[in-house]
Amino acid sequence: MSRRRKLKSKSYEIEIESLSHEGRGISHMDNKVIFTRGALPGEKVIASRTLSRAKYEEADVTEILEPSSDRIEPKCSVYGICGGCSFQHLSSENQINAKQDWLQSAFKGQAKVEPKEWLKPMQIGSWGYRRKARLGVRYVAKKERVLVGFRERKSSFVTVMSRCEVLHPSLGDNLELLSECIERLSIKEHIPQIEVAIAEKDTILILRHLQPLTNKDEEVLSDFAQKLQITWYLQSGGLDTIKPLTKSVQLTYSIPDHSIEMSFLPNDFTQVNFELNKKMINLAIDLLELDEQDNVIDLFCGLGNFTLPISKYVNKVVGIEGDRGLVERAKENAEVNNISNASFYKADLFEDVSGFEWFRGQNYNKALIDPARTGAIEIVDLLPKLNVERLVYVSCNPATLARDTARLIDLGFYLENAGVMDMFPQTAHVESIALFTRKK
């Protein structure tokens with residue numbers, strides 16, 4: 001078995017031409033594209049190579065010789081080391097403009113189309129917004145210290161950090177207390193990570209532990225739960241081993257404009273940014289132009305995040321989701337909110353679904369799709385068969401949205417509106433929304 005040769009050190013002095021879709025500076029040298037992390041268009045920098053391939057190389061900025069006028073001072077003291085953020089050197093306004101440019105580029109490059117009208121970019125506050133996260137934990141024996149935080153960039157090491165500017169303050173301001181808590185555990189060397197789920201009223205931390213906790217360990221966790229105002233859950237193995245340390249907590253978030261309260265479990269998928277989520281739901285409903293005669297299908301519906309608000313304005317809405325647990329909780333949320341015109345079904349939307357009762361012989365004049373990063377190419381072919389005339393597509397990946405857009409156009413849809421939403425400020429993650437219409 002051959003060993004990979006160690007990459008020789010190399011530095012460049014380069015001028016940055018543009019930004020890639022991952023937020024890295026693009027330049028060219030020796031017939032190669034150089035992707036430089038931390039650089040902005042118009043800058044002249046010195047960068048150190050981190051990866052070399054036949055057609056491109058990757059590098060990190062080591063010195064900025066001529067800074068861009070758009071560059072700002074990062075708010076976080078460990079920015080550039082921590083892998084949690086990648087865009088703090090650019091203002092929030094310029095971040096969202098860059099993301100809109102990437103979406104526009106994806107449409108032009110892959111779908112050969114632009115929307116008839118661009119939506120105004122959607123933003124809220126850029127700090128303290130993140131409510132879901134996975135934090136690394138590591139006991140450093142030489143320093144007799146436990147580190148808790150995001151992993152370092154391109155590394156398995158845990159960043160040395162005392163606070164996090166993007167995590168919700170209920171946890172982001174208390175990382176030192178959390179580290180102190182883990183340090184007091186007898187099994188501190190066997191704690192690899194902590195899953196974070198922050199609801200509107202409660203903060204849940206799921207402690208992954210590879211060895212059993214002692215009674216004293218549980219006392220330590222209970223003591224710090226009061227100090228941190230959090231609730232501990234424990235996970236000794238797979239997802240089925242997650243359980244509360246003492247008692248379970250009912251996690252909720254509200255969608256007040258539509259009089260909805262959603263319940264969820266700590267390991268359920270929810271949007272990380274509650275305030276942006278509320279605005280996104282309102283925009284989706286506005287774009288769908290709902291009325292009481294509409295029959296709507298919500299594909300990849302999850303907990304019913306869009307489904308239940310939609311139900312308030314239509315004849316009926318059907319939500320389809322591949323995760324059985326999410327389907328059951330969506331049904332429970334409908335019942336708790338006294339909603340009777342929303343139905344939920346489990347189905348793998350990447351398989352043939354033509355035989356399901358919710359599909360066979362059914363008509364839905366409007367639809368919403370909110371898939372994972374891989375997109376929904378298998379699903380879009382079904383939409384004409386369901387007689388969908390108006391579609392809102394929420395995407396977390398401009399590339400797959402553009403790919404699916406090309407197919408939708410082939411199927412007779414028109415791209416009416418599109419725009420970006422800043423679900424993950426300070427990162428290069430792009431959340432977007434698009435409206436398609438189709439005439440019978």
Practice problem: Would you sort out whether Val146 and Val140 count as a side chain to side chain contact (heavy atoms under 4.5 Å, CB included), showing the intermediate values? | Solution: CA-CA 6 Å; Val146 168; Val140 183; over 6 Å; no
Quiz prompt | Pair Thr62-Ser48, side chain to side chain donor-acceptor pair (under 3.5 Å): steps then yes or no | solution = CA-CA 6 Å; Thr62 56; Ser48 176; over 6 Å; no
Practice problem: Decide yes or no on side chain to side chain contact (heavy atoms under 4.5 Å, CB included) for Asn273 and Ile124, but give the supporting numbers first. | Solution: CA-CA 9 Å; Asn273 192 327; Ile124 55 146; 3.1 Å; yes
Practice problem: May I have the step-by-step check of side chain to side chain contact (heavy atoms under 4.5 Å, CB included) for Val166 and Cys85, ending in yes or no? | Solution: CA-CA 8 Å; Val166 296; Cys85 294; 3.7 Å; yes
Quiz item: Could you go step by step and tell me if Leu251 and Val249 meet the side chain to side chain contact (heavy atoms under 4.5 Å, CB included) rule?
Solution: CA-CA 6 Å; Leu251 297 179; Val249 173; 4.1 Å; yes
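Here the side chain of Arg131 pairs no donor or acceptor atom with the backbone of His168 at under 3.5 angstrom. Remark: side-chain polar atoms of Glu152 are not paired, donor with acceptor, to backbone N or O of Cys82 under 3.5 angstrom. No donor-acceptor pair closer than 3.5 Å links the side chain of Thr36 to the backbone N or O of Ala39. For the pair Thr427 (side chain) and His429 (backbone), a donor-acceptor distance under 3.5 Å is present. Using a distance-only test at 3.5 Å, with no hydrogens or angles considered, a donor-acceptor pair links the side chain of Tyr129 to the main chain of Pro425. Here the side chain of Glu200 pairs a donor or acceptor atom with the backbone of Ser254 at under 3.5 angstrom. Under the 3.5 Å distance criterion, the side-chain polar atoms of Glu176 are left unmatched by any main-chain donor or acceptor of Arg163. Within the 3.5 Å criterion, the main-chain N or O of Thr50 finds no donor-acceptor partner in the side chain of Glu58. Of the possible donor and acceptor atoms, none in the side chain of His258 sits under 3.5 Å from a partner among the backbone N and O of Ile260. Between the Asn174 side chain and the Ser170 main chain, a donor and an acceptor come within less than 3.5 Å of each other.
We find that Arg438 and Glu389 are not joined by a salt bridge, their nearest charged nitrogen and carboxylate oxygen being 4.0 Å or further apart. The pair Lys216-Glu218 does not count as a salt bridge, with every side-chain nitrogen at least 4.0 angstrom from each carboxylate oxygen. With salt bridges taken as basic N to acidic carboxylate O contacts below 4.0 Å, one links Lys108 and Glu114. Salt-bridge check for Asp381 with Arg407: passed, with a basic side-chain N closer than 4.0 Å to an acidic carboxylate O. Residues Asp323 and Lys346 are not paired through a salt bridge, judged by the lack of any N-O separation under 4.0 Å between the basic side chain and the carboxylate. Taking 4.0 Å as the cut-off between side-chain N and carboxylate O, Arg71 and Glu43 count as a salt-bridged pair. Under the 4.0 Å criterion applied to side-chain N and carboxylate O atoms, Arg134 and Glu195 are assigned as salt-bridge partners. At a threshold of 4.0 Å, the pair Glu332-Arg329 does not count as salt-bridged, since none of the basic side-chain nitrogens sits closer than that to a carboxylate oxygen. A salt bridge links Arg390 with Glu289; the closest basic N to acidic carboxylate O contact falls under 4.0 Å.
Side-chain contact between Ser263 and Gln250 is present, with at least one heavy-atom pair separated by less than 4.5 Å. In this structure, the side chains of Leu276 and Phe424 stay at 4.5 Å or more apart for every pair of heavy atoms.
Glu93 CD: 12 or fewer foreign heavy atoms inside a 6.0 Å radius. Heavy atoms from other residues, nucleotides or ligands lying under 6.0 Å from NZ of Lys154 number more than 12. The number of heavy-atom neighbours closer than 6.0 Å to CZ of Arg403, taken from other residues, nucleotides and ligands shown, is above 12. Annotation for Asp410: atom CG counts as buried by contact number, over 12 foreign heavy atoms lying within 6.0 Å.
Rounding to the nearest 0.5 Å gives a distance of 7.5 Å between CZ of Phe344 and CG of Asp298. The OG atom of Ser20 lies 9.0 Å from the CZ atom of Arg37; values are rounded to the nearest 0.5 Å. Note that the CG atom of Leu167 and the CD1 atom of Ile198 stand 6.0 Å from one another [nearest 0.5 Å].
A cation-pi contact, defined as under 6.0 Å to the ring centre and within 45° of the axis, links Lys188 to Tyr139. Both tests do not hold together for Lys243 against Tyr233: distance to the six-membered ring centre under 6.0 Å, angle to the ring axis within 45°.
Of all the heavy atoms in Phe264 and Ala199, the pair that sits closest is CZ-CB, 3.9 Å. Pro309 approaches Phe306 most closely through the heavy-atom pair CD-O, 3.2 Å. Residues Cys181 and Leu221 come closest through the heavy atom pair SG-CD2, 3.8 Å. Here the closest heavy-atom approach between residue Leu368 and residue Ala284 is recorded as CD1-CB, 3.9 Å. Counting all heavy atoms, side chain and backbone alike, Gln110 lies closest to Ala406 at O-CB, 4.1 Å. Taking all atoms of both residues into account, the shortest heavy-atom contact from Ala197 to Lys132 is CA-CD, 3.8 Å.
The aromatic rings of Phe350 and Phe300 sit tilted relative to each other, their planes meeting at an angle between 30° and 60°. A tilted orientation is assigned to the rings of Trp102 and His21, their planes being inclined by 30° to 60°. Relative ring orientation between Phe436 and Phe413 is described as perpendicular, the plane-to-plane angle rising above 60° on a 0-90° scale split at 30° and 60°.
Screening Arg153, Gln426, His89, Glu165 for a side chain to side chain contact (heavy atoms under 4.5 Å, CB included) involving Tyr79 leaves a single residue, His89. Just one residue in the list Leu103, Val394, Asn397 forms a side chain to side chain contact (heavy atoms under 4.5 Å, CB included) with Glu431, and that residue is Val394.
Side chain to side chain, Tyr12 and Asp30 fail the donor-acceptor criterion of an N or O pair below 3.5 Å. Remark: the Thr241 side chain and the Gln235 side chain contain no N/O donor-acceptor pair separated by less than 3.5 Å.
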